[in-house]
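Only this structure's heavy atoms are used, side chains among them; waters, hydrogens and symmetry mates stay out. Order of the sequence lines fixes the chain letters, A, B, ..., with proteins taken first and strands second; residue numbering starts at 1 for each chain. Keep in mind the model is a prediction, meaning the values are calculated, not measured.
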Number of protein chains: 2
Amino acid sequence: MSTSAFPLSPHNHQACMRETLAEAEALAATRGERLTPLRRRVLEIVLESHRPVGAYDVLGALARDGARPAPPTVYRALDFLRAQGFVHRIDSRNAFVACFAPAKAHRCHFLLCRRCGRAAEILDAALDQALAETARQAGFAAERETVEIAGLCADCREDASAGVGAA
Amino acid sequence: MSTSAFPLSPHNHQACMRETLAEAEALAATRGERLTPLRRRVLEIVLESHRPVGAYDVLGALARDGARPAPPTVYRALDFLRAQGFVHRIDSRNAFVACFAPAKAHRCHFLLCRRCGRAAEILDAALDQALAETARQAGFAAERETVEIAGLCADCREDASAGVGAA
DNA sequence: GCCGGAATGTTATGTTATAACAGCATCATG
DNA sequence: CATGATGCTGTTATAACATAACATTCCGGC
Ligand SMILES: [Zn+2]
Ligand SMILES: [Zn+2]
Ligand SMILES: [Zn+2]
Ligand SMILES: [Zn+2]
């Protein structure tokens, strides 16, 4: 289970998916929540990459499965997965990304690479602290945070400086 | 010109608007950019409150003026105003808010009150620092940041704890 | 088997945003 | 003044994202 800074470039993503899915199933069972076939399938679809996917991308993937669900079906599944913390929403992209550490309570802060498209969850106590302190100073009671830093990830910076231009 | 933490509850907003608009005009002139009547009017509309407004709200306001522009007209004006830093986008709300300190270079970080609806720009060096450090540690080259903290502002916390329920 | 609640299906519509091209204003230049 | 370049705005159409409202089905408990 990779909780590290940026999703390790060459990692065994099959195992990464499998483990995360198992973790989600265990959590749902513990909580008495029902990870139904549809919800599980939607989670699989979102887990397939570390890139945010749109709700209509999920819809398309389900359609290729043979089912032809309408948008509400997908949004409901995503709502459930979000409520369970299995999936997060990327506000700046109107898209959804899987959480690869759903068991660990955390705030949802992201690095978004504009080149490779990957979204990495940040787990940084100093940042959490700074955000909390900012709110405190303003007398503001924070309830939810959207923190999304867009730019170039380390891998893509290297590629770019090496003059490589992949499609 | 109020650059302070949360837009001071009882402030002279007419003056606040007027000064900010003048500042924007001066900046545009300095930069050789054209703050046309349409763009200026859109800025006025967004300046009318410290609350984020949707593009279609702006469209509605323009319609009430008598013109009946189509969406692209509004989005183009908003794009211009954003490029000039006169307006910021609130990603978590698909809405736009005026910048009341357009002359000052700054990152766009917001406090969003769910009760009064106001958006306050945060100018906090420690937070900027923490975000920069987070990116640096990941080897990430940050280009744009979305930082939006939603919750209850100080005024609204007081009102709530006083049991007051304003419309 | 029957009931009740949860999940999903279905239809329709609402909301946000952009592509593509047409027309017009403004301004420098000859 | 004509001319053309540029940039702003208008217009039409459509794409992309999201939800309301109601029907149906599934599934466990009785
Ligand atoms: Zn992986
Ligand atoms: Zn990258
Ligand atoms: Zn004001
Ligand atoms: Zn408030």
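A search for side chain to side chain contact (heavy atoms under 4.5 Å, CB included) contacts involving A/Thr36 returns A/Arg34, A/Leu38, A/Arg39, not counting sequence neighbours. With sequence neighbours left out, B/Asp57 forms a side chain to side chain contact (heavy atoms under 4.5 Å, CB included) with B/Val53.
Nearest-nucleotide positions on DNA chain D place B/Arg39 closer to the 5' end than the other of B/Arg39 and B/Pro71. Toward the 5' end of DNA chain D, the nearer of the two residues A/Arg93 and B/Phe80, judged by each one's closest nucleotide, is B/Phe80.
Rounded to whole angstrom, the span from the CZ atom of B/Arg40 across to the C1' atom of D/dT9 amounts to 19 Å. In this structure, B/Leu81 places its CG atom 13 Å from C1' of D/dC8, rounding to the nearest Å. Taking atom CG of residue B/Asn94 and atom C1' of nucleotide C/dG14, one finds them 13 Å apart after rounding to whole Å. Atom CD1 in A/Ile90 sits roughly 14 Å away from atom P in D/dC17 (whole-Å rounding). Straight-line distance from the CG atom of A/Leu35 to the P atom of C/dA7: 11 Å, rounded to whole Å. In this entry the distance linking CG of B/Leu78 with C1' of C/dT16 reads 12 Å, nearest Å. Remark: P of C/dT26 and CD of B/Glu33 are 17 Å apart, rounded to the nearest angstrom. Following rounding to the nearest Å, A/Leu38 (CG) and C/dA7 (P) show an atom-to-atom distance of 11 Å.
A/His13 places no side-chain N or O within 3.5 Å of a backbone atom of A/His11 that could act as its donor or acceptor partner.
Within 4.0 Å of B/Thr73, counting heavy atoms only, lies at least one base atom of the nucleic acid.
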Output one line per pair: protein atom, nucleotide atom from nucleotides 20-29 of chain D, and distance, for all N/O pairs under 3.5 Å.
none

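Annotation: salt bridge (charged side-chain N to carboxylate O under 4.0 Å, His left out) contacts involving residues 142-151 of chain A, sequence neighbours excluded, comprise A/Arg107-A/Glu145, A/Glu143-B/Arg114. Sorted by first then second residue, the salt bridge (charged side-chain N to carboxylate O under 4.0 Å, His left out) pairs that include residues 60-74 of chain B, not counting sequence neighbours, are B/Arg41-B/Asp65. Within the structure, no pair that satisfies the ring-ring contact (aromatic ring centres under 6.0 Å, His included) test touches residues 56-82 of chain A, not counting sequence neighbours.
C/dT15 has no stacking from B/Tyr56 on its base ring, since the centres under 5.5 angstrom apart and planes within 30 degrees of parallel are not both found. With centres under 5.5 Å and a plane angle under 30° as the test, the ring of B/Tyr75 is not stacked against the base of C/dT18.
Donor-acceptor pairing under 3.5 Å is recorded for the side chains of B/Gln137 and B/Glu133.
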